[in-house]
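Let me give you the structure first, and then I'll get to my questions.
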Amino acid sequence: MDQLELSDSVVVAGTPEAIYEMVADVTRMGEWSPICKECWWEDPDGGPRVGARFHGRNETPDRTWETVSTIVAAEPGRKIAWVVNTNWVRWSYRFELADEGATKV
């Protein structure tokens, strides 16, 4: 299978550091995702650092499943990335100052 890639961007209110903190706190993912309902760090002292692992619970009307993700990049205010289920998919977010008080994600 060929490697597939999709990217998009949006400008949101807030500094790159503040937006990074929101996205890097994977325990909040269920607040924004229509499918991911909950995430939790494998290590109770987990956090967005390279090598940290977290679990996610996803739901659609047809099924519920869980994943295990590993943080592969964590640069506060710049980028956060993780791979799901041993490289099944990679989620990556970059944060760039767009305007005063706004960030391009």
Side-chain angles (χ1 to χ4, degrees):
M1 174 189 262
D2 293 329
Q3 183 174 336
L4 303 175
E5 184 175 319
L6 173 68
S7 65
D8 201 357
S9 63
V10 63
V11 175
V12 295
T15 65
E17 294 78 15
I19 304 303
Y20 170 91
E21 290 297 323
M22 291 174 70
V23 175
D25 181 359
V26 299
T27 64
R28 296 188 65 189
M29 199 66 63
E31 294 176 38
W32 304 303
S33 173
I35 294 175
C36 180
K37 300 302 179 187
E38 179 182 21
C39 288
W40 60 95
W41 293 107
E42 190 168 275
D43 176 351
D45 296 323
R49 64 181 181 279
V50 173
R53 293 167 37 112
F54 66 92
H55 297 255
R57 183 177 50 81
N58 303 283
E59 294 179 9
T60 66
D62 299 327
R63 68 186 188 116
T64 298
W65 71 99
E66 291 189 1
T67 60
V68 178
S69 298
T70 305
I71 302 290
V72 294
E75 296 179 32
R78 297 195 62 229
K79 69 179 175 180
I80 182 84
W82 59 83
V83 293
V84 181
N85 292 345
T86 316
N87 292 326
W88 182 69
V89 69
R90 177 185 173 111
W91 288 89
S92 180
Y93 297 86
R94 289 178 291 163
F95 310 92
E96 301 171 10
L97 187 62
D99 291 312
E100 188 63 34
T103 298
K104 179 180 176 184
V105 180

Quiz item: In the single-linkage hydrophobic clustering (I, L, V, M, F, W, Y; side-chain heavy atoms under 4.5 Å), do Val50 and Val84 co-cluster?
Solution: no

Quiz item: Looking only at heavy atoms, which two atoms of Arg90 and Ala81 are closest? And how far apart?
Solution: NH2-CB, 3.6 Å

Quiz item: What's the spacing between Asn85 CG and Thr70 OG1 if we round to 0.5 Å?
Solution: 9.0 Å

Quiz item: Does Ile80 reach the side chain of Phe95, with side-chain heavy atoms less than 4.5 Å apart?
Solution: yes

Quiz prompt | Student check: side-chain heavy atoms of Thr27 and Cys39 closer than 4.5 Å | solution = no

Exercise. Measure the NZ-CD distance between Lys37 and Glu31 for me, rounded to the nearest 0.5 Å.
Key: 12.5 Å

Practice problem: Assign the ring pair Trp41 / Phe54 to parallel, tilted or perpendicular, where the plane angle (0 to 90°) is split at 30° and 60°. | Solution: perpendicular

Quiz item: For the atom pair CZ (Arg94) and CD (Glu75), what is the distance rounded to the nearest 0.5 Å?
Solution: 11.5 Å

Quiz item: Counting only heavy atoms not in Arg57, do more than 12 fall under 6.0 Å of its CZ?
Solution: yes

Self-check item: Joint hydrophobic cluster, Ile19 plus Val11, side-chain heavy atoms closer than 4.5 Å
Solution: no

Practice problem: Indicate if Ile71 and Val68 have the same hydrophobic cluster label, given that clusters are the connected sets of ILVMFWY residues with side-chain heavy-atom separations under 4.5 angstrom. | Solution: no

Quiz item: What about Trp32 and Ile35, same hydrophobic cluster or not, with Ile/Leu/Val/Met/Phe/Trp/Tyr joined at side-chain heavy-atom distances under 4.5 Å?
Solution: no

Quiz item: Would you say Trp65 has more than 12 foreign heavy atoms packed within less than 6.0 Å of its CH2?
Solution: yes

Exercise. Check whether any side-chain heavy atom of Arg49 lies under 4.5 Å from a side-chain heavy atom of Asp43, and answer yes or no.
Key: yes

Self-check item: Atom pair CD (Glu21) and OG1 (Thr15), whose distance is rounded to the nearest 0.5 Å
Solution: 9.0 Å

Quiz item: Tell me, do Tyr20 and Pro48 make a side-chain contact under 4.5 Å, heavy atoms counted?
Solution: yes

Quiz item: Of the non-hydrogen atoms in Lys104 and Ala98, which two are nearest, and what is the gap between them?
Solution: N-CB, 3.9 Å

Quiz item: Looking at OG of Ser33 and CZ of Arg28, how far apart are the two atoms once the value is rounded to the nearest 0.5 Å?
Solution: 14.0 Å

Quiz item: Should Val12 and Val10 count as side-chain neighbours, where that means a heavy-atom distance under 4.5 Å?
Solution: yes

Quiz prompt | Rounded distance (nearest 0.5 Å) linking atom CG of Leu97 with atom OG1 of Thr103 | solution = 6.0 Å

Practice problem: Is it possible for you to say whether Val72 and Val89 belong to one hydrophobic cluster, with membership spreading through side-chain heavy-atom contacts below 4.5 Å? | Solution: no

